[in-house]
Amino acid sequence: MAYQAKRAKNQTEIFELINDDGEVVNHFEVRIDAGGFGKRLSEKYVELSRALAACQQIQTKTIDPSDVDRVMETVGLAVTDILYTVFGEADARKIIQFYDKNYVEMCQEVMPFVTETVLPKARKLGQANRKQAIQSYTKG
């Protein structure tokens, strides 16, 4: 009997953009894999969390007013990086265009999909793959 190696089934999630009339104007298939995707996404999420913490300083007025534009730009870049990581460049650009570069609204609407759906699945998949790899190397 031959040794068989197989590929893992891709895990995907669907994300839809809905206009103010309630119509789906675009949908995206997000492929979740364990090939570093979860790690890259986690790193990008940490960057966003730091940027959002700086935004909290704006609200509590503990940041110099001259730094507000820089902080908001940092949030925008962090959100964009996450979109590129999750959706790929072409689809991320479509999402950014849909929100007309309104990064605050985009963050409010898109980030829950990332944090509640994609990131947990990527982490779970990564953990399962590490566990399987360890088991494969310790057989014998």
Side-chain angles (χ1 to χ4, degrees):
M1 182 170 151
Y3 179 84
Q4 296 179 338
K6 63 180 180 178
R7 303 250 354 233
K9 184 177 179 182
N10 291 335
Q11 292 193 21
T12 59
E13 286 292 330
I14 302 297
F15 179 79
E16 296 179 333
L17 292 177
I18 300 173
N19 66 16
D20 52 5
D21 293 328
E23 300 168 345
V24 175
V25 294
N26 213 331
H27 73 278
F28 308 94
E29 185 174 304
V30 176
R31 183 173 176 261
I32 303 170
D33 65 50
F37 174 78
K39 183 177 187 239
R40 285 191 314 273
L41 182 55
S42 290
E43 290 168 354
K44 299 297 181 186
Y45 185 71
V46 167
E47 291 173 20
L48 176 62
S49 296
R50 287 183 182 139
L52 291 174
C55 277
Q56 292 295 325
Q57 291 178 336
I58 292 171
Q59 291 177 341
T60 60
K61 299 182 181 11
T62 58
I63 194 169
D64 189 311
S66 64
D67 287 334
V68 171
D69 287 341
R70 180 189 53 78
V71 168
M72 295 310 293
E73 181 180 350
T74 302
V75 170
L77 291 172
V79 169
T80 301
D81 282 349
I82 286 178
L83 293 178
Y84 281 24
T85 300
V86 172
F87 297 99
E89 186 174 345
D91 288 344
R93 288 181 190 271
K94 291 175 186 174
I95 293 168
I96 293 167
Q97 183 179 15
F98 176 80
Y99 283 102
D100 196 27
K101 296 183 182 180
N102 182 337
Y103 293 103
V104 173
E105 183 181 14
M106 201 173 2
C107 192
Q108 292 171 336
E109 295 296 318
V110 179
M111 287 303 114
F113 171 72
V114 173
T115 60
E116 297 168 15
T117 303
V118 177
L119 189 56
K121 284 190 174 194
R123 287 178 175 162
K124 186 176 179 178
L125 183 60
Q127 289 170 349
N129 284 353
R130 281 189 294 279
K131 183 178 177 181
Q132 185 178 8
I134 291 169
Q135 289 174 346
S136 295
Y137 291 119
T138 57
K139 287 182 182 177

Worked check of side-chain contact (heavy atoms from CB on, under 4.5 Å) between K44 and L48: CA-CA 6 Å; K44 299 297 181 186; L48 176 62; over 6 Å; no
Interatomic distance, M106 atom CE to M111 atom CE [nearest 0.5 angstrom]: 8.0 Å
Atom CD of E16: over 12 foreign heavy atoms under 6.0 Å: yes
Test side-chain contact (heavy atoms from CB on, under 4.5 Å) applied to F98 and N26, step by step: CA-CA 9 Å; F98 176 80; N26 213 331; over 6 Å; no
Partner set under salt bridge (Lys or Arg N to Asp or Glu O under 4.0 Å) for R123, not counting sequence neighbours: none
Distance, nearest 0.5 Å, that separates CG of L41 from NZ of K121: 14.0 Å
Nearest non-hydrogen partners of A122 and G38, listed with the distance: CB-CA, 3.8 Å
Salt bridge (charged side-chain N to carboxylate O under 4.0 Å, His left out) contacts touching residues 21-32 (sequence neighbours left out): R31-D33
Residues forming a side chain to side chain contact (heavy atoms under 4.5 Å, CB included) with E105, sequence neighbours excluded: Y99, N102, E109
Crowding at OH, Y45 (>12 non-hydrogen neighbours, <6.0 Å): no
Per-pair distances, 0.1 Å, donor-acceptor, side chain in residues 81-89, under 3.5 Å, sequence neighbours excluded:
{"from": "T85", "atom 1": "OG1", "to": "D81", "atom 2": "O", "distance (Å)": "2.9"}
{"from": "E89", "atom 1": "OE2", "to": "R93", "atom 2": "NE", "distance (Å)": "3.2"}
{"from": "E89", "atom 1": "OE2", "to": "R93", "atom 2": "NH2", "distance (Å)": "2.6"}

pair L125-F37: side-chain heavy atoms closer than 4.5 Å: no
For V46, side chain to side chain contact (heavy atoms under 4.5 Å, CB included) partners two or more places apart: R50
Partner residues of T117 under the side chain to side chain contact (heavy atoms under 4.5 Å, CB included) criterion, sequence neighbours left out: E13, F113
Transitive ILVMFWY cluster of I18, excluding itself - 4.5 Å side-chain cut-off: V24
Residue pair C107 / P112: nearest heavy atoms and the distance that separates them: O-CD, 3.7 Å
Heavy-atom closest contact (V71 atom, A51 atom, distance): CG1-O, 4.2 Å
For K94, salt bridge (Lys or Arg N to Asp or Glu O under 4.0 Å) partners two or more places apart: D91
